[in-house]
> 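Before I ask anything, here is the structure I am working with.
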Amino acid sequence: MIIAIDGPAASGKGTIAKKIASIYRLHHLDTGLIYRAVAKAMLDAGHSPDNGKEALAAAIALDPANFDEAALKAPAVSEAASVVAANPDVRQALMNYQRAFATKPPGAVLDGRDIGTVIAPDADVKLFVVATPEVRAARRVMELRARGEDTDEHEVLADLLRRDERDSRRTAAPLKPAPDAHLLDTTHLSIDAAFRAAVDIIEGVRTGRKRR
Ligand code: DC
């Protein structure tokens, strides 16, 4: 079984994807980490994230076995990742890895922006997870403060909106729901309620109660 979970930053898709993978005993890939790793390699080497030639070289050299997740989640990397991810050559270079991951037995949950549209268009279930920008910013602030980072809520909201805009407007695999995706709005849901809503959709599809 392949489950595609897409949506904007801090919509809850990552948390839902992890829990879904765990209960269905599937592999899980947070595809944002891949773009973040390319971006961090660029920043570490002193390259601008919009340097296409260097970004492609970094994407080709990527080693997903050696991700330092905490370092990749830093806000400076988020912004650079969104720039790097708009480069079609970078996306192409990262496609085979993601597709191979998706088809590893017994199946996988992948979360990102283009899983249901580009990486796994034949996924068994597709979710598109959304929440209002204000709620997403509040969640991101809580997450950053829990990690001991000093953050300004207005700045976090502005960063999210800028990334949403860039991720949705780019021509290469923009952030958008696949036509057959099930929309899940987590604005007023706790983590637990969002997870249960996701399970309900997946079980609905598996038992034929819901369209695929
Ligand atoms: O999910 P995230 O915030 O960790 O993603 C970081 C950036 O990577 C995001 O701004 C857009 C990009 N991304 C993408 O373009 N396609 C994906 N499948 C996942 C992430």
Side-chain angles (χ1 to χ4, degrees), residues 2-18 21 27-43 49-50 52 55-56 58-59 62 64 67-102 108-121 123 126-131 133 135-137 139-144 147 149 151 156-178 181 184 186:
I2 299 176
I3 301 178
I5 306 187
D6 291 301
S11 56
K13 65 182 189 308
T15 309
I16 293 172
K18 235 180 248 164
H27 303 290
H28 170 233
L29 181 64
D30 169 356
T31 62
L33 287 181
I34 302 175
Y35 294 93
R36 286 172 179 273
V38 173
K40 184 159 188 307
M42 300 281 288
L43 296 175
D50 59 11
L56 176 58
L62 197 75
F67 283 170
D68 173 356
E69 196 167 329
L72 294 179
K73 291 282 181 180
V77 179
S78 309
E79 176 66 17
S82 166
V83 174
V84 157
N87 180 325
D89 296 336
V90 167
R91 303 197 73 84
Q92 184 63 39
L94 300 173
M95 191 180 281
N96 286 347
Y97 171 73
Q98 294 175 80
R99 287 194 169 154
F101 191 100
V109 180
L110 285 84
D111 66 273
R113 303 291 188 289
D114 64 337
I115 308 304
T117 51
V118 175
I119 301 298
K126 299 179 186 180
L127 300 180
F128 195 82
V129 185
V130 295
V135 164
R136 292 190 287 125
R139 286 177 187 161
R140 189 44 55 89
V141 165
M142 264 173 40
E143 220 178 278
L144 291 168
R147 292 213 303 261
E149 291 181 36
T151 46
V156 171
L157 176 60
D159 285 353
L160 278 183
L161 291 174
R162 194 168 51 240
R163 267 206 301 144
D164 282 358
E165 164 102 1
R166 192 186 292 115
D167 295 344
S168 318
R169 290 202 169 204
R170 68 185 180 215
T171 42
L175 166 68
K176 66 168 184 209
L184 174 52
T186 66

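Keep in mind that the numbers below use all heavy atoms, side chains included, and drop hydrogens, waters and symmetry copies. For this chain, numbers begin at 1 and follow the sequence in order. One-based numbering, in listed order, for ligands and for the atoms of each. The model shown is predicted, which means the values in this text are computed figures rather than measured ones.
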> When you look at F128 and I5, which way does the side-chain contact (heavy atoms from CB on, under 4.5 Å) test go after all the steps?
CA-CA 6 Å; F128 195 82; I5 306 187; over 6 Å; no

> Pairs of nitrogen or oxygen atoms closer than 3.5 Å, one from Q98 and one from ligand 1: do any exist?
no

> Is there a polar contact between ligand 1 and D167, counting only N or O atoms under 3.5 Å apart?
yes

> In this structure, are over 12 heavy atoms from other groups packed under 6.0 Å from K176 atom NZ?
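Incorrect, the count does not exceed 12.
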
> Do you see a donor-acceptor pair shorter than 3.5 Å between the side chains of T31 and R36?
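Their side chains do not contain a donor-acceptor pair, so the 3.5 Å distance test is not met.
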
> Could you tell me whether the side chain of V129 reaches within less than 4.5 Å of the side chain of D6, counting heavy atoms only?
no

> Starting from atom 8 (O) of ligand 1, which protein heavy atom do you reach first, and at what distance in Å?
Y35 CB, 3.6 Å

> side-chain contact (heavy atoms from CB on, under 4.5 Å) between L175 and D114: does it pass, once the steps are laid out?
CA-CA 6 Å; L175 166 68; D114 64 337; over 6 Å; no

> Quick check on contacts: which atoms of ligand 1 are under 4.0 angstrom from a heavy atom of T31?
17 (C), 18 (N), 19 (C)

> What are the atoms of ligand 1, with element, lying closer than 4.0 Å to any heavy atom of K13?
1 (O)

> What protein heavy atom sits nearest atom 20 (C) of ligand 1, and how far off is it?
G32 CA, 3.6 Å

> Mind checking whether R113 contacts ligand 1 via backbone (N, CA, C, O), side chain (CB onward), both or neither, at a 4.0 Å heavy-atom cut-off?
both

> Are a donor atom and an acceptor atom from the side chains of R136 and S11 found within less than 3.5 Å of each other?
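Checked: R136/S11 side chains show no N/O donor-acceptor pair below 3.5 Å.
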
> Mind checking whether R91 contacts ligand 1 via backbone (N, CA, C, O), side chain (CB onward), both or neither, at a 4.0 Å heavy-atom cut-off?
side chain

> With a cut-off of 4.0 Å, which atoms of ligand 1 are near a heavy atom of R36?
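Under 4.0 Å from R36, ligand 1 has these atoms: 2 (P), 3 (O), 4 (O), 6 (C).
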
> Between R170 and ligand 1, which residue portion shows a heavy-atom distance shorter than 4.0 Å: side chain, backbone, both, or neither?
side chain

> Looking only at protein heavy atoms, which one is nearest to atom 12 (C) of ligand 1, and how far off is it?
A85 CB, 3.6 Å

> In terms of residue, atom name and distance, what is the protein heavy atom nearest to atom 3 (O) of ligand 1?
R163 NH1, 3.0 Å

> Above 12 or not: heavy atoms from other molecules or residues under 6.0 Å from CE of M95?
yes

> State, yes or no, whether a side-chain contact exists between V83 and R166 at a heavy-atom distance under 4.5 Å.
yes

